[in-house]
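What you see below is based on every heavy atom in this structure, not just the backbone, and it leaves out hydrogens, waters and symmetry mates. Fair warning: this is a prediction, and the values are worked out from it, not measured in the lab.
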Amino acid sequence: MPLPDFLVQPFIGAGVGAAYADVSLKDASATYLHATRWNLAYDFMAGAALPLSQTSRFTAIYRWLHVDDVDLKCGTSGAPTLACKSDLTYQGLDVGLEMDM
């Protein structure tokens, strides 16, 4: 969406798609939890860009990502494997310097 010329340029975004979940919990002798597959995912982000010159800008972005219904195999060596489902959520803050080439 076009905005008036501000010194700081805010932005927001959202997306829906697929995320490959590769999750495992293990130690030297056994794997206790494992999942690898594609799942429905969606994310939201908001941030701001501060132009430094015509070709560079400083950016800061907050990102929230959610992955639905990750099927996990839980258990220890020699015991029956249990199936569990869980949602995964990731939050992050990205700070960077962008430069046009």
Side-chain angles (χ1 to χ4, degrees):
M1 166 169 48
L3 295 172
D5 287 336
F6 291 124
L7 178 61
V8 175
Q9 300 164 344
F11 57 87
I12 58 172
V16 175
Y20 185 73
D22 186 353
V23 180
S24 60
L25 174 64
K26 57 185 170 184
D27 63 16
S29 62
T31 298
Y32 302 104
L33 176 115
H34 187 71
T36 56
R37 75 175 254 204
W38 289 93
N39 296 82
L40 175 66
Y42 43 95
D43 73 334
F44 302 98
M45 64 187 83
L50 174 64
L52 301 175
S53 71
Q54 291 289 336
T55 60
S56 65
R57 63 208 140 276
F58 175 77
T59 59
I61 304 167
Y62 168 77
R63 181 183 312 263
W64 180 86
L65 172 70
H66 183 82
V67 182
D68 276 339
D69 296 332
V70 177
D71 289 322
L72 303 166
K73 304 293 184 229
C74 313
T76 59
S77 298
T81 302
L82 304 172
C84 347
K85 272 195 180 188
S86 180
D87 295 340
L88 300 175
T89 301
Y90 164 81
Q91 296 182 63
L93 181 61
D94 301 330
V95 178
L97 176 63
E98 293 182 11
M99 301 174 75
D100 298 337
M101 296 286 179

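Two residues are said to be in side-chain contact when any heavy atoms from C-beta on lie closer than 4.5 Å; F11 and I61 meet this criterion. Put simply, the side chain of D100 reaches to within 4.5 Å of the side chain of R57, judged on heavy atoms. The shortest distance between side-chain heavy atoms of L97 and L52 falls below 4.5 Å.
V16 approaches L40 most closely through the heavy-atom pair CG1-CD1, 4.0 Å.
Annotation: the span from R63 atom CZ to F44 atom CZ amounts to 12.5 Å, rounded to 0.5 Å. Interatomic distance, L65 CG to Q91 CD, rounded to the nearest 0.5 Å: 10.5 Å.
Under the 4.5 Å side-chain contact rule for hydrophobic residues, V95 and M99 share a cluster.
More than 12 heavy atoms of other residues, nucleotides or ligands lie within 6.0 Å of CG in L93, so this atom counts as buried by the packing criterion.
A parallel orientation is assigned to the rings of W64 and H66, their planes being inclined by less than 30° (bins at 30° and 60°).
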Give the C-alpha distance, both sets of side-chain angles, the deciding distance and a yes or no for side chain to side chain contact (heavy atoms under 4.5 Å, CB included) between D68 and N39. CA-CA 6 Å; D68 276 339; N39 296 82; 5.9 Å; no
